[in-house]
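Note: hydrogens, waters and symmetry copies are ignored here, and every other heavy atom, side chains too, is used. Fair warning: this is a prediction, and the values are worked out from it, not measured in the lab. Here is how names work: the chains are called A, B, and so on, in the same order as the sequence lines, proteins then strands, and each is numbered from 1.
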Protein chains: 2
Amino acid sequence: MSRLDTKQRILDAAEQLFARDGFHRTSLRAITSKAKVNLAAVNYHFGSKKALLEAVFERRLLPLNRTRKERLEEVLQNARKRGVRPEVRDIMRAFIEPTFRFRESEPGAQDFIKLIGRSIVTPDSTAKTVLLRFMKPILKTLSEALTEALPELPKDVLLWRLYFSIGALAHTMHLDKRFQFEPLNLKAETDVKSLTNMLITFVTAGMEAS
Amino acid sequence: MSRLDTKQRILDAAEQLFARDGFHRTSLRAITSKAKVNLAAVNYHFGSKKALLEAVFERRLLPLNRTRKERLEEVLQNARKRGVRPEVRDIMRAFIEPTFRFRESEPGAQDFIKLIGRSIVTPDSTAKTVLLRFMKPILKTLSEALTEALPELPKDVLLWRLYFSIGALAHTMHLDKRFQFEPLNLKAETDVKSLTNMLITFVTAGMEAS
DNA sequence: GTCTATACGATGATAGAC
DNA sequence: GTCTATCATCGTATAGAC
């Protein structure tokens, strides 16, 4: 079995299991048996369970955040060209839409988006620390863009509203075919596109509230 | 040592550790040594680790949700008396404000609110299942109140927006003295009252978006 | 009834021989 | 790269002291 195949298969298996059960509840035994590799292969290829998690994040987050950055810069440049402020809605769309686009585009990406969602909201976890390190640059870009769009809003209010938006987004990332939020009778039947639009409408209104 | 003391001390210790480390990462040994009771005391008094979690939820959630229910009914009755629709803002305030009031009122309550926050957003976890069972009635009351306030909004849009609001709320429940959201440079210095108001403003605008 | 001491079987991560 | 051994820790059960 080639070295590349082994690493890939471990990454795929880890991504699925971390998303389903969380980092700490996923055992290396579960990962390696799903990937059909030896138990010790993880430590050989990645060094540790935590380093494996970092590799899982890195593989998908680098391209996803590159897309987000391009779209954000596009929004800002268009506004500058036309001599107007960027629209909050366009900024939020530039950040949120790639999440769900990406989620539909690649096999395994859905598990990954779920993993991000659960990582960002789990306090003091290994996964959160690792994730935020990858997210810091794009979140800086995002908050700067919002400051251009809402210059009269006090900076701390803007940042808290962005924090609330991230909470709403993260909560929405858990969706999968089996999703349901039983207390509200919500089911996964809603198509992704209109769900994305509902979320963008929601956070835009929240950011722009007077 | 009296029976009551032992149970209380186990509940207090479990609440702190579940909030800090999550259900699965917290061992009974950690709980019993923190509570200074014998390892077997948990199984004796509660039956199992999961039953202990249920008891932790029950102790604080029953009074908290009773307060929420009273305040929601007050809002609805006032509106009916005056022959007008209830205001979304008042409804959201009736649900959210007790959370943070409660959080400041009792020692240990802050840990509990953190525990709820992390439980609601962790998919497929034991804690989420247990929590939602306790939350179902009050969430039903809340969604009915919102339907009265926003009768022209399609029901599924209303429910998704409520779902987003819960995400924003849950994300905000993690706050403690040591809280910081490093990528946005957010710190815990903001006082709870204005934070509560910011959150209410945010979700109200989101619910009312056109 | 309450609590303690201890043991059991399962599973955790990892190190070293090959 | 793999296999095996090892050792820590897990939740739970039980026998018996008070």
Whole-Å gap separating [atom2] ([N]) and [atom1] ([X]):
X       : N      : atom1 : atom2 : answer
B/Phe46 : D/dT12 : CZ    : C1'   : 16 Å
A/Lys36 : D/dT2  : NZ    : P     : 14 Å
A/Ile31 : C/dT11 : CD1   : P     : 16 Å
A/Asn38 : C/dA13 : CG    : C1'   : 13 Å

Whether B/Phe57 and B/Phe134 hold their rings parallel, tilted or perpendicular, with breakpoints at 30° and 60°: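 Ring orientation, 0 to 90° scale: tilted.
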Between the first and last five pairs of the helix from C/dG1-D/dC18 to C/dC18-D/dG1, the angle of the axes, rounded to 10 degrees: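 One end's axis against the other's: 10°.
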Under 4.0 angstrom between B/His45 side-chain N/O and C/dT2 OP1 or OP2: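 No, outside the criterion.
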Evaluation steps, salt bridge (charged side-chain N to carboxylate O under 4.0 Å, His left out), between B/Lys140 and B/Glu144: CA-CA 6 Å; B/Lys140 192 170 175 340; B/Glu144 284 169 0; 2.7 Å; yes
Closest to side chain of B/Tyr44, choosing from C/dA5, D/dC3, C/dT2: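 The answer is C/dT2.
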Axial cation check for B/Phe23 ring with B/Lys50, 6.0 Å and 45° limits: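 Pair B/Lys50/B/Phe23 does not count as cation-pi.
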Cationic tip of A/Lys7 above A/Phe46 ring, under 6.0 Å, 45° of axis: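 Yes.
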Test item: A/His171 side-chain N/O and B/Tyr163 main-chain N/O as donor-acceptor pair under 3.5 Å: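 Yes; at least one donor-acceptor contact below 3.5 Å.
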Donor-acceptor side-chain pairing of B/Arg20 and B/Thr26 below 3.5 angstrom: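 Looking only at side-chain atoms, B/Thr26 and B/Arg20 do not form any donor-acceptor pair under 3.5 Å.
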Lys/Arg-Asp/Glu bridge criterion (N-O < 4.0 Å) met for A/Glu73, A/Lys69: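 Here A/Glu73 pairs with A/Lys69 in a salt bridge, since their nearest N and O are under 4.0 Å apart.
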Cationic N near anionic O, under 4.0 Å, A/Arg59 to A/Asp12: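 A/Asp12 and A/Arg59: salt-bridged.
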Base versus backbone protein contacts along nucleotides 6-11 of chain D [heavy-atom cut-off under 4.0 Å; B, S, -]: ----BB
